[in-house]
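Taking it in order: structure first as structure tokens, then the write-up.
First listed ligand is number 1; within each ligand, the first listed atom is number 1. Just so it is clear, the model here is predicted, and its values are computed rather than measured.
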Amino acid sequence: MKGLADEPNHMIELLEGGTTLEDVIDGHVYEQALADKSVFVVSDLGSLMRQHVQWQRTMPQIRPFYPVKSNSSPAVIEILASLGLGFICANKAEVSLVLGHDVPPENIIFSGVCKQLSHIKHAAKNGVDLLVCDSETELCKIARSHPKAKLLVQVTTWAQAAETSMAFGCSLKSCRRLLEAAKDLGLQVVGATFHIPSSCKDLQAYSNALSDAHCVFDMGAELGFSMSILDIGGGFSGSEFQLKQVHTSVRLLLDASFPALSGVQVIAQPGSYYVSSAFTLAVNVIGKKVVARDWSCQAQEELTPDDEPEFLYYLNDGVYGSFSSKLLGSTIPAPAVLKRGSTAAEPVFSSSLWGPSCDGLDQVLEHCLLPELSPGDWLVFNNMGAAGLGGPSAIRPAVYHTVSTADWYTMQEAGIAVDNIMKNFSMVHYGA
Ligand SMILES: *Cc1c(COP(=O)(O)O)cnc(C)c1O
């Protein structure tokens, strides 16, 4: 199977009885401590299923399509495919990866507003017909190399424009021209898509985007297109609270403008929602400096006995590795310290965390409160599943996949086909 080569570890540890993720991390830290203390990642694959159950309970009428760029770990793709999700792919490699997991091509949307010609041809050859498009240049490329494509028009939202400071998508004004051009080229338009990033706290963004999408549907229908897919994008943090909030703000508008009876299929692109909480990253402290608190404002950096100390810790991974999302503006959650023998409450100090590159940009966390650490201590970062762990170019940390026996049985009882997972991964029992 394609894709697995990226991940040396084709093993899923089945956690027995009361074995917790912490036990697994402890176990690997012990192994690592004997070896070279390299960064590693532990997954809880059951979390993918629990997020899915929560999605279906809260948003049953909206079908999730998972954006592969959020986390392309083969185990994630395999499980989400068994759960019946569709997939959003941004390039040929992602399309090949997903097809390699036996996902039918009609469950794949080729997104991305600029596509390489050879990638469009690859989609055409493999029967991936749903393509996102936002400009006439793209239309011309698609008409030439994928005449049977079914297009989703990417409509711009101010929330996305504000976040990326880039004009993604087509403004409502240009949409008519785009639809007419598609018609002239003999292409088929089947719907609209938009994206509101989770950083956008103003739920009004959804009403605006839905009303824009409704205009696009009307224009499409006028031109004779059969508009049948509405995609409301990603931006779901993973919390049930936020999911319910979004659901409340879209439900009435969806019922009014895109009723199920009209035959419109509503889909979404939850990325972080599925994977964020499923991955935990463990990194090692490799260096330490102590300075006077607020040293940056003082001329002299010597610590006097009256000064409260502030600690700078250097980690064996930074923004050029597993914390690459920091460079894209994400906030890294504060870590936990792996238990170190003494359980007594320790005093905490103002601390900052740095990557190993000695580059001023390589700051993982500007400020957090931690007990005093020493080189060799381990820090554990939760909710790292959507952080693009390792990134495509960096050295990927070792990944240890786990699933609790309870979650594993629940998946089987829920009728989720686990055959493919069993075929492609070896399940090993962990704990007693
Ligand atoms: C990254 C991305 C997503 C996923 O966003 P989340 O906020 O992680 O859900 C969805 N759609 C598009 C187009 C994306 O680029």
Side-chain angles (χ1 to χ4, degrees), residues 47-48 51-52 54-55 58-59 62-73 76-77 80 85-91 93-95 97-98 108-115 119 130-135 138 151-170 191-203 205-206 209 213 229-243 245-247 250 266-279 324-333 383-389 391-392:
S47 164
L48 300 172
Q51 288 297 92
H52 186 61
Q54 178 178 279
W55 181 279
T58 315
M59 298 245 203
I62 301 183
R63 176 164 183 215
F65 277 64
Y66 172 74
V68 174
K69 74 126 202 278
S70 298
N71 184 323
S72 60
S73 172
V76 169
I77 306 296
L80 296 181
L85 269 76
F87 290 87
I88 306 286
C89 299
N91 55 47
E94 291 182 0
V95 170
L97 172 69
V98 171
I108 298 175
I109 296 175
F110 191 8
S111 74
V113 289
C114 309
K115 301 179 197 61
H119 294 194
L130 287 167
L131 267 66
V132 171
C133 178
D134 80 342
S135 75
E138 283 298 297
L151 302 176
L152 296 174
V153 174
Q154 175 94 37
V155 186
T156 195
T157 59
W158 47 260
Q160 189 181 19
E163 156 140 304
T164 57
S165 64
M166 254 172 92
F168 270 115
C170 186
T193 174
F194 60 80
H195 177 64
I196 293 169
S198 56
S199 58
C200 172
K201 301 289 176 247
D202 184 355
L203 292 166
Y206 279 96
I229 300 178
L230 171 70
D231 172 14
I232 67 165
F236 307 93
S237 64
S239 86
E240 184 174 20
F241 176 76
Q242 190 236 12
L243 192 64
Q245 258 190 333
V246 173
H247 185 247
V250 298
V266 184
I267 67 171
Q269 306 187 357
S272 312
Y273 174 84
Y274 274 93
V275 287
S276 190
S277 59
F279 286 77
S324 58
S325 64
K326 175 82 195 305
L327 291 179
L328 301 172
S330 304
T331 309
I332 305 293
N383 294 316
M384 292 295 284
L389 287 171

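Counting atoms of ligand 1 from 1 in the listed order, those under 4.0 Å from a heavy atom of G235 are 5 (O), 6 (P), 7 (O), 9 (O).
Under a 4.0 Å heavy-atom criterion, P67 is in contact with ligand 1. The closest approach between a heavy atom of S111 and any atom of ligand 1 is not below 4.0 Å.
Counting heavy atoms from C-beta outward, E138 and L131 have side chains that stay 4.5 Å or more apart. Y274 is not listed as a side-chain neighbour of F236, based on a closest heavy-atom distance of 4.5 Å or more. Looking at heavy atoms from C-beta onward, V250 lies in side-chain contact with V246 at the 4.5 angstrom threshold. At least one side-chain heavy atom of Y206 sits under 4.5 Å from a side-chain heavy atom of F194. The side-chain heavy atoms of F65 and I108, taken from C-beta on, include no pair separated by under 4.5 Å.
Summary of contacts: the protein heavy atom closest to atom 12 (C) of ligand 1 is Q269 OE1, 3.3 Å. Of the protein's non-hydrogen atoms, S272 OG, 2.5 Å is the one closest to atom 8 (O) of ligand 1.
A donor-acceptor contact closer than 3.5 angstrom links the side chains of Y273 and Q54.
When only interatomic distances are considered, the shortest N/O to N/O separation between S198 and ligand 1 does not fall below 3.5 Å. Looking at ligand 1, you'll find an N or O of K69 within less than 3.5 Å of one of its N or O atoms. Ligand 1 has no nitrogen or oxygen under 3.5 angstrom from a nitrogen or oxygen of G233.
Counting heavy atoms under 4.0 Å from ligand 1, residue H195 touches it through the side chain alone.
For the side-chain contact (heavy atoms from CB on, under 4.5 Å) test with Y66, the passing option among V76, I88, V98, L48 is V76; the others fail.
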